[in-house]
4 protein chains.
Amino acid sequence: MNTKNIVLEVSGRERILNAAASLFGELGYEKTSIRSISRESGMKPGSIYYFFQSKEEILLEIYASGFSLMTDIVLAAVREVDDPWDQLYSACAAHLEGIFEHRTFIEVTVRELPDRYSEPARSEMKKCRNLYEQIFSKIIDEIPLNHTVDRSTFRLSLLGSLAWTLVWYRPGGRLTPRDTARNMVDLFRKPCSSFGDNSL
Amino acid sequence: MNTKNIVLEVSGRERILNAAASLFGELGYEKTSIRSISRESGMKPGSIYYFFQSKEEILLEIYASGFSLMTDIVLAAVREVDDPWDQLYSACAAHLEGIFEHRTFIEVTVRELPDRYSEPARSEMKKCRNLYEQIFSKIIDEIPLNHTVDRSTFRLSLLGSLAWTLVWYRPGGRLTPRDTARNMVDLFRKPCSSFGDNSL
Amino acid sequence: MNTKNIVLEVSGRERILNAAASLFGELGYEKTSIRSISRESGMKPGSIYYFFQSKEEILLEIYASGFSLMTDIVLAAVREVDDPWDQLYSACAAHLEGIFEHRTFIEVTVRELPDRYSEPARSEMKKCRNLYEQIFSKIIDEIPLNHTVDRSTFRLSLLGSLAWTLVWYRPGGRLTPRDTARNMVDLFRKPCSSFGDNSL
Amino acid sequence: MNTKNIVLEVSGRERILNAAASLFGELGYEKTSIRSISRESGMKPGSIYYFFQSKEEILLEIYASGFSLMTDIVLAAVREVDDPWDQLYSACAAHLEGIFEHRTFIEVTVRELPDRYSEPARSEMKKCRNLYEQIFSKIIDEIPLNHTVDRSTFRLSLLGSLAWTLVWYRPGGRLTPRDTARNMVDLFRKPCSSFGDNSL
DNA sequence: CATGAATGAGGATTCATTCAT
DNA sequence: GATGAATGAATCCTCATTCAT
C-alpha cells in the first residue's frame, strides 16, 4: 500500500462510524441494526466488535464527534465577533448550517435524546449536550436583556426553535439556514407586535 | 357484576391503550415490546391482537386520541378569549398544562415524529399533527405582527419552543406550565433587548 | 322465513363448508386458517366451533362429501353402459368432468393425501379414497386384459394419470375433459407403438 | 480435529439441508417448522438464518438439488441406450429407483407442487420441474408412436403414473422399482386388450 | 344460533453479541 | 485486522381453540 493511496484509505473504524451515523440519523438508534451497519459499511457483523464493544459505544462515539464538530463550527463562527447579539446571530447560523451540511453526523445528536438511554450512556450523552449548550448560554449571558425577560426561558426557547428545524426545514427552500437563523433571533430581539399594540 | 363496580370496569382495549401509551411515552415506540404492553395491561400478547391488528395500529390510535385530547383542551382554553395575543397565551398555557397533566397519552404525540414511520402510518400521523398545529396557525394569523416578522418562522419557532419543553421541563419546579407559556410568548411579543440597544 | 327465500337460505354449516372447501383446495389445508374460513364464510371464528369440533373435522366432512359426490357422478355415468372398456371411458370422463365442474369441493380430495395426517383422520380419509377407487377397480376387473398385463399396475397408473391432470389440465384448452379421458384410456387400450415396431 | 474425522465432518449448511429435506418430505413444507429443522439438525433456530435467508430458500435449494440429482441419474441411465423405447424403460426405472433410493431429497420434489407457492418461488420451482420433464419429453419425441396417439397426453399420463407411485409404492413389495417401470411403460407400448377385443 | 373476548403455544424471523481462527 | 460460524433471547404476530353469554 503506497502513499499515493493514502487519501482514499478509510479505516474500518471510520467506515463503521460513517455508516452508523447515517443510519442512526435516518432511522433512529433502535431501528438500526448491527447487520444494517455491517451492510452499509462493507464489513461483517463480527468485525464491528473488533472495533467497538457494543452498539451503544458506536452511538456514544458518534454523539461525541457530532457535538465536537458542532462546537468547533460554532466557536469558529463566533470568534471574531464582538457584539453579543451578533454572536448569537453567528452562532445560530453556524448551528443551522452545520446541521444541514454535516447532517450525517449531526442529526444523531439532535434526535437521540439522553433520557431514553440508561446509565452510564445517559450521563455521557448529557455531558456532550451540556458542553455544547454552554456555548449558547455564555453568549446569552452577555446579552443585555430587558430585566423582565427570563434568561433561562430565553435560552431554552431558542434551543427548542433550533432543534425543531429538523422537523420542518428542508434545504433548498425559500430561506437559507442563515436567513432562518437571523429571523429566529430577531423574533426574540425585536418586538413582534405591530405598532398599535400598547401592551408593552 | 353490580353497578358499584361500573366505574372501575375498563375494557381490554382501554387497558391496552393505557399501558401502551405509558410505555411508548417513557421508552419510545421501538423500545416498547408487545410483551411489555401485555405485562403492563395484564393481558396476554396474543390477546392484544384481538383488539388491534398490529403494534403500529396501537400507536396510531394513541396518536389520534392524544391530538384529539390536546385539540379539545386548547380550543376550550381559547374559546372565550378575544385578543389574539391573549389567545396565544391561553393556547400555549393549555398546551403545556395538557402535556404535563395528561402526560401518559400526550408525550407520545410530541416524541414520535412521523418521519420515522413508513406509509401509510406516516401520512396518518402527519394529518393529526397538522390538524393540531392549525389551531396555532390560525391564532397567529390574527396577531398584528410587525411587517418585518416572518410569520412562518414565528409559528415554527413557537412550536419548537413548546415541543422542547419535554426535554427540560420538570413539573414542580420554579415555573408553572402557565408561567412558562407566558414567558415564552412574551419573548416574542416584547423586545428582549434592554434599553441601551439601539439596533431597533 | 317464507318459502320464497328457501332457495337462497344457506345454513351456517354449509357456508363454512363451502368457504373451507374453496380455501383448502386453493391454498391447502395447512395454509388455510380458521380465521380465513371465518372471513370467507362471513362468520366469526368462535362460531365455527359451534358447528365443528375442529379444523380437521371440517376437512373430513369435505373429504367425505367430495368423494361421495364423485362416486355418485361416476356411478351414474357408468350405470347404463355394458362394455367394460366403455365403462372405463365413461368413468374417467365423468371423473375429469366432475373434478373441473365441482372443483371447489373435489380438488381437496385429490390434493390432500391421507399419509400427511395422523390417526384417526388418516384412516377416515383412506376409507373414503378406497371406496371411490374400488369403482375403478371393479370396472377394470371386468376388462379382458392381455395376460401379460399387471392388473394392479394398470389400475394405479390410470389413477395416477387422472390425478396428475390437476397439475397440468386447464379448462378451456385444446382438449375437453371427455377428450382427455378418451385419450388416456386409449393409451392403455391400443398399442401406441407405430407399425414398424416388432417387439410385440 | 484430526484427519480421521474428516469424512464425518458435515457443514452446518448440509446438516440443515438434510434435516429439512427429510422433514419436508415426511410432513410437507407447511407442517415443518424451523424449530423442528433446528432440532433435527442439531442447530439452534437462529443459526439456520446464518445460512439461509428464509424457510422458503431452504426449500428452493432442496428442490433444485433434488431435480439436479434426478437429472443426473436419469441421464446416466439413458446415455448408452439407443432405442427410444429402451430409453424410456431406462429413464422410468432410473426415476423410480432414484426416488426410492434418495427418498430424503427427492420426495420433496414430487410432493411440493409449485402452484401452492407465490412468486418468485413458484417460477423457480417450475423451472426445475420443466427442465427435468424435458428429459422425458425428448425421449418420447423420438418414439415412433401410432399416429392416433396424442403425444402430449402420452407424456403427461406417464409422468402422472410415475408421480403417483409415491402414494402407493412401498419398497420391498412384490415389484422392484425396475419391474414397476417396465410394467408401466409396457401398458403404453403394448395393447392391453386381450385377444377377443376387436375394437382396434 | 352465534359471538366477543381471551388465551397458550407456537409461527418465522431478527437481535446484539461471542469467539476461535 | 477481520471474519465465519453460531447462539440465546427476543422480536412481532398467528395459530387453533375455549367459553361465558
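As the structure is a prediction and not an experimental result, all values here were calculated from the model. Note on naming: letters A, B, ... go to the chains in the order of the sequence lines (proteins, then strands), and numbering restarts at 1 for each one.
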Margin query: Return the pairing partner of F:dT11 with a 3.5 Å limit on both distances, Watson-Crick or G-U wobble; otherwise return none.
Written below: E:dA12
Next item on the list: Report the residue from A:Glu56, A:Glu112, A:Arg122 that forms a side chain to side chain donor-acceptor pair (under 3.5 Å) with A:Tyr117.
Entry: A:Glu112
Next item on the list: Could you tell me whether a side-chain N or O of D:Thr32 sits under 3.5 Å from a main-chain N or O of D:Leu23, the two making a donor and an acceptor?
Entry: yes
Notebook entry, point to check: Mind checking who E:dT3 pairs with, Watson-Crick or G-U wobble, both distances under 3.5 Å?
Noted result: F:dA20
Next item on the list: Dump the intermediate steps for salt bridge (charged side-chain N to carboxylate O under 4.0 Å, His left out) on A:Arg13 and A:Glu61, then the final yes or no.
Entry: CA-CA 11 Å; A:Arg13 261 190 95 78; A:Glu61 190 139 333; 2.3 Å; yes
Margin query: Which nucleotide wins on minimum distance to the side chain of D:Lys44, given the candidates E:dA16, F:dT7, E:dA6?
Written below: F:dT7
Note to self: Please pick, from E:dT17, E:dT13, E:dA6, the nucleotide with the shortest atom-to-atom distance to any side-chain atom of A:Pro45.
What the structure shows: E:dT17
Notebook entry, point to check: Quick one: which of E:dA12, F:dC12, E:dT18 gets closest to the side chain of B:Ile34?
Noted result: F:dC12
Item checked: Whole angstrom value for the distance that separates C1' of E:dA9 from NZ of C:Lys55 -> 15 Å
Next item on the list: Could you check how far CD1 of D:Ile48 sits from P of E:dT13, rounded to whole Å?
Entry: 10 Å
Next item on the list: Using the closest heavy atom to pick a nucleotide of DNA chain E for each, name whichever of A:Gly46 or B:Ser11 lands nearer the 5' end.
Entry: B:Ser11
Check: To the nearest Å, how far apart are D:Ile37 CD1 and F:dA6 C1'?
Finding: 17 Å
Check: Separation of B:Ile16 atom CD1 from E:dA6 atom C1', in whole Å?
Finding: 10 Å
Item checked: Per B:Tyr49 side chain, nearest of listed nucleotides E:dA2, F:dC13, F:dT17 -> F:dC13
Check: Roughly how many Å is it from CZ in A:Phe51 to C1' in E:dT18, rounded to a whole number?
Finding: 17 Å
Check: Please give, in whole Å, the distance from F:dA16 P to D:Glu30 CD?
Finding: 11 Å
Next item on the list: Please work out if D:Thr32 contacts a base, only the sugar-phosphate, or nothing of the nucleic acid, heavy-atom cut-off 4.0 Å.
Entry: sugar-phosphate
Notebook entry, point to check: Which nucleotide in the list E:dA6, E:dA12, F:dT17 gets nearest to the side chain of B:Tyr50?
Noted result: E:dA6
Checklist line | Check: C:Ser123 main-chain N/O paired with C:Glu119 side-chain donor or acceptor under 3.5 Å | finding: yes
Next item on the list: Consider the side chain of A:Arg35, meaning its heavy atoms from C-beta on, and name the nucleotide among F:dT3, E:dG10, E:dA16 that approaches it most closely.
Entry: E:dA16
Next item on the list: Look at D:Ser47 and F:dA5 and indicate whether a side-chain polar atom (N or O) is within less than 4.0 Å of OP1 or OP2.
Entry: no
Checklist line | Distance, rounded to the nearest Å, where B:Arg15 contributes CZ and E:dG4 contributes P | finding: 19 Å
Item checked: Nearest-angstrom distance from the residue atom CZ of C:Phe52 to P of F:dT17 -> 13 Å
Next item on the list: State, without any angle test, whether D:Tyr63 and D:Arg129 hold a side-chain donor-acceptor pair at a distance under 3.5 Å.
Entry: yes
Margin query: Side chain of A:Ser33 only, heavy atoms from C-beta on: which candidate in E:dT17, E:dA16, F:dT7 is closest?
Written below: E:dA16
Margin query: With nearest nucleotide decided by heavy atoms, which residue, C:Glu56 or B:Tyr29, maps closer to the 5′ end of DNA chain F?
Written below: B:Tyr29
Check: Under the 6.0 Å and 45° cation-pi test, does D:Lys55 pair with D:Phe24?
Finding: no
